[in-house]
**Q** 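Here you go, one structure.
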There are 2 protein chains.
Amino acid sequence: MSPPLATSAPEATTYPFPRPALTVDCVVFGLDDEGLKVLLIERELEPFRGQWALPGGFVRVGEGLEQAARRELAEETGLGPGLSPHAPTFFLEQLFTFGDPRRDPREHTVSVAFFALVNIRDHAIRAATDARDARWVAIDAPRALAFDHDHILAVALARLRGKLRYQPIGFELLPPRFTLTELQRLYETVLGTSLDKRNFRKKILALGFVVETGELEEGVRRRRARLYRFDEARYRALEREGFSLWI
Amino acid sequence: MSPPLATSAPEATTYPFPRPALTVDCVVFGLDDEGLKVLLIERELEPFRGQWALPGGFVRVGEGLEQAARRELAEETGLGPGLSPHAPTFFLEQLFTFGDPRRDPREHTVSVAFFALVNIRDHAIRAATDARDARWVAIDAPRALAFDHDHILAVALARLRGKLRYQPIGFELLPPRFTLTELQRLYETVLGTSLDKRNFRKKILALGFVVETGELEEGVRRRRARLYRFDEARYRALEREGFSLWI
DNA sequence: GCAAAAGTGTTGAAGGTACACCCATGT
DNA sequence: ACATGGGTGTACCTTCAACACTTTTGC
């Protein structure tokens, strides 16, 4: 039996058997004043043509997983450096790999899922390539996504909630300067709880890596709130000393 | 271009491009009186023939990821129901997926890594198939493993340490009945810290899911210690009430 | 002056940490 | 009787949770 795949490696050592297909899928969360949203595309191609799905696609030979995820996001939704040249980078990390042989009706397809957090206002989106449309959809809207994407989304949401409690990732969903009330609303929205304003502010400021900028909110028809930012250098310093964050 | 793979799905919808190979690798931790160990195999085949590596291998079409991991473990190390018919099941969960295109010199190979915890005494091991040897190796012994397995092992160890602090997985490394001193030594060994005996016992017992069996240690030439067990039902009940574990 | 959100301290309860000696058993 | 590890309680301190009013601004 000869290797079925073109490759530059010596033929004698390549693996000569059929193999599952490999894809990446991205769960991109964003926050606006309506609540937590996820970025979905409407599929242009079969299977599940016309249905909503997570952005994603096949991993190319020679391509890293995160690289594939960013490429698919850019291609299908415009998220990334192409569409808004000054768009900041965004948080992206591996979530889980879904490998049920029946999750894709075509054939056995293993998907490495990623989860991303973006500040909606700074990232324009636009459908392209094999996406007919791309939209921010409320996390609690009823959905029936293609493949096992409802399941992947549920896992991502659980991870977001879990992680928010012990890692400073909430800032990724906010603009670089934010008010403490915005930050508190983020925690309340994502965790589905309500928090005491005084205790929240005390705790956040005691952590030491959320610092005042000296600036005030603008364009608001009431008392202007102070703006804060996440000080990553301070966070890393504290992390090295082994402190614990626990909201 | 026609699909290069044999598959039962309709040809028109399968993905007709070269794809990375897909493997699983397992980081199996165990604990004995010398300390924390990891289960390694000596490779019988190229590449890296004769070198030590994590047990693992190619995922077959139609096979789930965890299923592939358990199959490879059984084949290469004897771990699982085959070798010791009464061996208990063991903890196995997905760790991370490693996809650097250069991690395998043959060709682009993506590996889904798993991490497992077993009670060494209850699980016999025996090398087979493409493993020349299989051994428990001290975690802090100098190693130069095949592929990127040193890196995978480092990630697994970080995960074990992190997880031990907020999830009751340490019990998976101990026999079903254990003394509190054994449990404390486990935490100290894995976390690399030393803990106060009185405070440790107070805390563990206050959690409520480590319960006395009424039995005493045997075969020991000193005062016999009480035996405890992990009460999974109680743990799940407490978990549902939303308590927090923090060693 | 009123509506709307910003900002601010104290107190009591619970939990965490530090610390040293007696007990049971085998040799 | 001595060596080995098993088993126990208290005092202090830190952290967490509950709780309500004054300030600023725009209309």
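Numbers restart at 1 for each chain; the letters A, B, ... are given by sequence-line order, proteins then strands. Computed from heavy atoms alone, side chains included, the values below leave out hydrogens, waters and symmetry copies.
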**Q** Look at A:R221 and D:dT24 and indicate whether a side-chain polar atom (N or O) is within less than 4.0 Å of OP1 or OP2.
**A** no
**Q** Taking atom types as they are modelled, is there a donor-acceptor pair under 3.5 Å from the base of C:dG15 to the side chain of B:K203?
**A** no
**Q** For the base of C:dG16, is there a side-chain donor-acceptor partner from B:K202 under 3.5 Å away?
**A** no
**Q** Step by step, work out the side chain to side chain contact (heavy atoms under 4.5 Å, CB included) result for A:F90 and A:E172.
**A** CA-CA 7 Å; A:F90 55 89; A:E172 307 285 346; 5.7 Å; no
**Q** In this structure, how many angstroms lie between the C1' atom of C:dG16 and the CG atom of B:L207, rounded?
**A** 13 Å
**Q** From CD of B:E217 over to P of C:dA24, roughly how many Å is that when rounded to an integer?
**A** 16 Å
**Q** Using the side-chain heavy atoms of A:N199, tell me which of these nucleotides is nearest: D:dG7, C:dA20, D:dA17.
**A** D:dA17
**Q** Are more than 12 heavy atoms, taken from residues, nucleotides or ligands other than B:R185, located less than 6.0 Å from that residue's CZ atom?
**A** no
**Q** Quickly work out the B:R198 CZ to C:dG15 C1' distance and round it to whole Å.
**A** 17 Å
**Q** Taking the side chain of B:R222 as its heavy atoms from C-beta onward, which of D:dG5, D:dG26, C:dC19 lies nearest to it?
**A** D:dG5
**Q** Should the heavy atoms of other residues, nucleotides or ligands under 6.0 Å from CZ of A:R135 be counted, would the total exceed 12?
**A** no
**Q** Round to the nearest Å and state the distance from B:L205 atom CG to D:dG6 atom C1'.
**A** 14 Å
**Q** Pick base, sugar-phosphate or nothing for B:T179, based on heavy-atom distances below 4.0 Å to the nucleic acid.
**A** nothing
**Q** When you measure only distances, ignoring hydrogens and angles, does the side chain of B:R223 come within 3.5 Å of the base of C:dA24 through a donor and an acceptor?
**A** no
**Q** Rounded to whole Å, please give me the gap between CD1 in A:I204 and C1' in C:dA6.
**A** 17 Å
**Q** Any side-chain N or O of A:R224 less than 4.0 Å from the OP1 or OP2 oxygen of D:dG26?
**A** yes
**Q** If only side-chain N and O atoms of B:R201 are considered, is one of them under 4.0 Å from the OP1 or OP2 phosphate oxygen of D:dG7?
**A** yes
**Q** Is the ring centre of B:F178 less than 6.0 Å from the ring centre of B:Y228?
**A** no
**Q** So, taking the atom named NZ in B:K163 and the one named CG in B:L95, what distance separates them when rounded to the nearest 0.5 Å?
**A** 9.5 Å
